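First up is the structure itself, then whatever we jot down about it.
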Amino acid sequence: MPILDTLKSALTDHLATLVTQMTLGSSGGDSSSRDGGAGNAQMSVTPNIRRIDDRTLAISATFDSQLTSAQTIKELVLTGDTALDTPAYRATFMPITKDASNEIKVDVLIEVR
């Protein structure tokens with residue numbers, strides 16, 4: 001039996017309360033649904049979370065030029081209050097240099113299915 005829409009809506013609301021930090025890291029190992037989180041957190045910010053509909057959250061943040069890293073950035077993790085909390089989302093990507101001459105804007109859509 002499929003999950004009813006009212007429960008999906010409640011799960012979406014709950015997920016929004018669990019995501020309080022967006023972290024960029026430098027380990028860049030393969031990401032999976034059983035991930036443990038950021039391997040080497042470099043910087044974190046508090047994201048803006050917007051509910052698009054009953055099942056979708058838009059999570060966005062900007063890492064401005066004041067946030068820098070000596071190591072290249074290779075991963076993104078959404079967590080609770082600290083990078084050690086159980087992650088809600090993790091993705092890896094090609095390395096990005098993050099220094100005082102650039103900023104990174106990240107937008108993530110999460111859908112409860």
Side-chain angles (χ1 to χ4, degrees):
M1 179 173 139
I3 295 176
L4 299 176
D5 288 341
T6 53
L7 182 57
K8 289 179 186 177
S9 179
L11 288 171
T12 302
D13 289 340
H14 182 62
L15 180 59
T17 68
L18 297 177
V19 176
T20 59
Q21 290 292 311
M22 184 180 286
T23 301
L24 296 179
S26 61
S27 73
D30 289 340
S31 58
S32 73
S33 61
R34 298 182 186 269
D35 232 311
N40 192 8
Q42 295 296 306
M43 59 192 78
S44 296
V45 297
T46 301
N48 295 316
I49 301 173
R50 184 172 51 95
R51 184 177 169 160
I52 295 177
D53 59 30
D54 285 347
R55 299 184 325 174
T56 311
L57 296 175
I59 302 167
S60 61
T62 300
F63 295 83
D64 63 24
S65 59
Q66 294 177 340
L67 297 170
T68 63
S69 174
Q71 300 176 346
T72 57
I73 300 302
K74 301 175 192 170
E75 65 184 347
L76 164 74
V77 182
L78 299 177
T79 64
D81 291 331
T82 72
L84 298 176
D85 288 348
T86 301
Y89 174 84
R90 179 173 179 265
T92 56
F93 43 83
M94 297 299 292
I96 298 171
T97 300
K98 178 65 183 92
D99 55 28
S101 69
N102 64 357
E103 70 178 27
I104 298 173
K105 180 167 174 35
V106 180
D107 294 304
V108 176
L109 293 176
I110 296 181
E111 182 181 29
V112 175
R113 291 185 166 228

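In this text the structure is predicted, and so the values were computed from the model without any measurement.
In this view, Glu111 and Arg55, Arg113 satisfy the salt bridge (Lys or Arg N to Asp or Glu O under 4.0 Å) rule, not counting sequence neighbours. Partners of Gln71 under the side chain to side chain contact (heavy atoms under 4.5 Å, CB included) rule, at least two apart in sequence or in another chain, are Ser26, Asn40, Gln42, Ser69. Take Thr46 and apply the side-chain hydrogen bond (donor to acceptor under 3.5 Å, both in side chains) test, not counting sequence neighbours, and it matches Gln21. Residues passing the side-chain hydrogen bond (donor to acceptor under 3.5 Å, both in side chains) test with Thr62: none are found, sequence neighbours excluded. Contacts of Asp107 classified as side chain to side chain contact (heavy atoms under 4.5 Å, CB included), with partners at least two apart in sequence or in another chain: Ser60, Lys105. With sequence neighbours left out, the side chain to side chain contact (heavy atoms under 4.5 Å, CB included) criterion links Thr68 to Ala100.
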**Study point:** Criterion side chain to side chain contact (heavy atoms under 4.5 Å, CB included) on Ile110 and Leu78, from CA distance to verdict
**Key:** CA-CA 11 Å; Ile110 296 181; Leu78 299 177; 3.8 Å; yes
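Among all heavy-atom pairs drawn from Glu103 and Asp64, the shortest one is CB-CA, 3.8 Å. Of all the heavy atoms in Asp99 and Ser101, the pair that sits closest is OD1-OG, 2.6 Å. In plain terms, the two heavy atoms of Ser27 and Lys74 that are nearest each other are O-CD, 4.2 Å. Nearest heavy atom pair, residue Lys98 against residue Phe63, reads CE-O, 3.3 Å. Of all the heavy atoms in Ile49 and Val19, the pair that sits closest is CD1-O, 3.0 Å.
Among residues at least two apart or in separate chains, there is no salt bridge (Lys or Arg N to Asp or Glu O under 4.0 Å) pair with a member in residues 16-27.
Just one residue in the list Ile104, Val108, Thr23 forms a side chain to side chain contact (heavy atoms under 4.5 Å, CB included) with Leu76, and that residue is Val108.
Rounded to the nearest 0.5 angstrom, Leu67 CG and Asn102 CG are separated by 10.5 Å.
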Scan the side chains in residues 4-12 for donor-acceptor partners under 3.5 Å anywhere in the protein, sequence neighbours excluded, and list what turns up.
residue	atom	partner	partner atom	Å
Ser9	OG	Arg51	NH2	2.6
Thr12	OG1	Lys8	O	2.9
Thr12	OG1	Asp54	O	2.8

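With a 4.5 Å cut-off between side-chain heavy atoms of Ile, Leu, Val, Met, Phe, Trp and Tyr, the cluster of Ile52 takes in Leu109.
Tyr89 and Leu18 fall into different hydrophobic clusters, where Ile, Leu, Val, Met, Phe, Trp and Tyr are joined by side-chain heavy atoms under 4.5 Å apart, directly or via other members.
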